[in-house]
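Below is one structure, written out as structure tokens, with a few remarks after it.
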Amino acid sequence: MGPRAKKVRAKETKPNEDLANILLEIGEYEKNVNLQPFKYNAYRRASQSLLECDKKIKRIEDAKILKGVGKRIGERIEEYLKTGKIDKLNEARKNNKSKILKELNRVAGIGPSHAQKLFSEGIRSLKDLKSHQDLLTHHQKIGLKYVDDFEQRIPRQEMAEIEKFLVDQIKNIDVKYTVTICGSYRRGLESSGDVDVLITHSNYVSLRYAQEQNLRTAKNLIIETKKSPEMLLKKIIDKLKKLDFITDTIAFGDSKFMGVCKVTNDYLHRRIDIRILPFDEYFCGILHMTGSDMFNQNMRKTAKERGFILNEYCLRKLDSSGRPGKALKIESEEDIFKYLEINFKRPEERY
DNA sequence: AATAGGCTTGG
DNA sequence: CCAAGCC
């Protein structure tokens, strides 16, 4: 998911690609150098509109009607149409500081704010960073170590190998685990940016579910507490480390592991996220994590129109005063579509 | 006013 | 607790 995945299915004809790229570059400059995330967003949206427009923009009037193009961005486009360049961009490109900040931002865990800080401390390149690792957090050190690997996309073939490995190993711990690799892989794309794994255990339910269903005394049940997801997840992570599949840990909390993995020595290091969810929340979870972002947005909108509220964890019906009721019982992705009276869409169809 | 909100780290 | 970063 995210902007990277979107790019893959952009239109065949992109007559305004040049202009779109320029706007995006200005946006990145606003975010990384001027610490203006909202401006970045505005430029990004305008850029996206330009990309989706299949008619070549020749006059400023054509641009003004696009969504995301207002006064300021309109002026920039006008400048581009008249002169073939944009001053703001040239300013950005020749600015040495902005080049350095951009370079530092390649490192996972270094955002605009940290990059500025490092610059003010005299860091001018990734090479500088390598010799001043005391300035970095644990996450950033790993980002630096694998900066080249993390920029490479993961071929579908390798994703499939990772999937098989994970399913085999985790089922081997306990057959009651279910493992799903979500994201663009699940949607059938030929490459992915990272590995996004969701796991559940058929005996594991959320506290909310246990209370609503009055399951307090049921046997064999693992009811969510602060520590239970950790117990279920830690077992798995320990094993994957022992097998040398997981090579580094970025963050490891109650319910979510973030780290680095590698299938065999022939492969690059890949970013992997693994999280554990209660069974009753699993299908809303995989729906959410499978995306695409656009698909999620649309589905949630439809849900709202039909008197439901859908989020990452559950689907609830809204009562007449708009208050959400109990979470609906869901045992598959299909169930979610059924409640909403939407035809089921396979992951490959979720644009 | 602006992507939604949660998770995790680090101070 | 807050800020940053990521998903």
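So that the names make sense, note that chain A is the first sequence line, chain B the second, and so on, each numbered from 1. Source: prediction; values computed, not measured.
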A:H139 atom NE2 is separated from C:dG5 atom P, nearest whole Å, by 10 Å
Among C:dC7, B:dT8, B:dG10, the one nearest any side-chain atom of A:R275 is C:dC7
Winner on side-chain proximity to A:F38, out of B:dT3, B:dT8, C:dA4, is B:dT3
d(A:L232 CG, A:I222 CD1) to nearest 0.5 Å is 4.5 Å
| query | What distance, rounded to whole Å, do you find between the two C1' atoms, one in B:dT3 and one in C:dG5? | reply | 15 Å
From CD of A:Q140 across to P of C:dG5 the rounded distance in Å is 8 Å
The nucleotide from B:dT9, C:dA4, C:dC7 with an atom nearest the side chain of A:D273 is C:dC7
Rounded to whole Å, the CG-P distance (A:L104 to C:dA4) equals 17 Å
Base, sugar-phosphate, or nothing for A:A42, non-hydrogen atoms under 4.0 angstrom? nothing
When rounded to whole Å, the CD to C1' distance for the pair A:Q36 and B:dA2 reads 12 Å
Out of B:dC7, B:dT3, B:dG10, minimum distance to the side chain of A:R44 belongs to B:dT3
Indicate every side-chain donor-acceptor pair of residues 76-87 of chain A with a distance under 3.5 Å to a residue at least two apart or in another chain.
from: A:R76; atom 1: NE; to: A:Y43; atom 2: OH; distance (Å): 3.0
from: A:E79; atom 1: OE2; to: A:D87; atom 2: N; distance (Å): 2.7
from: A:T83; atom 1: OG1; to: A:E79; atom 2: O; distance (Å): 2.8
from: A:T83; atom 1: OG1; to: A:K85; atom 2: N; distance (Å): 3.2
from: A:T83; atom 1: OG1; to: A:K85; atom 2: O; distance (Å): 3.0
from: A:K85; atom 1: NZ; to: A:D87; atom 2: OD1; distance (Å): 3.4

note: A:K117, atom NZ; C:dG5, atom C1'; distance rounded to Å ~ 14 Å
For a quick test of reading the model: is some side-chain N or O of A:S255 closer than 4.0 Å to OP1 or OP2 of B:dT8? yes
Give the ring-plane orientation class for A:Y339 versus A:F308, where under 30° counts as parallel, over 60° as perpendicular and anything between as tilted.
tilted
Side-chain ion pair, A:K329 and A:D335, N-O less than 4.0 Å:
no
Discussion item. Base, sugar-phosphate or nothing for A:F257? Non-hydrogen atoms, less than 4.0 Å.
Written reply: nothing
With a 4.0 Å limit, can you tell me whether A:N311 has a side-chain N or O closer than that to the phosphate oxygens OP1/OP2 of B:dG5? no
Whole-Å distance, A:I309 CD1 to B:dA4 C1', equals 11 Å
The complete set of side chain to side chain donor-acceptor pair (under 3.5 Å) pairs with one or both residues in residues 302-314 of chain A, sequence neighbours excluded, reads none
A:K301 NZ to B:dA4 P, in whole Å, measures 14 Å
Closest to the side chain of A:M289, out of C:dC7, B:dT3, B:dT8, is C:dC7
* Asked: Should A:K99 and A:E103 count as an ion pair when the cut-off is N to O under 4.0 Å?
  -> no
What is the nucleic acid contact for A:P37, judged by heavy atoms within less than 4.0 Å: base, sugar-phosphate only, or nothing? nothing
A:K256 NZ to B:dG6 P, in whole Å, measures 12 Å
Note: for A:F252 and A:N41 on DNA chain B, the residue whose nearest nucleotide lies more 5' is A:N41
Using a 4.0 Å heavy-atom cut-off, does A:R271 contact any base of the nucleic acid, only the sugar-phosphate backbone, or nothing at all? sugar-phosphate
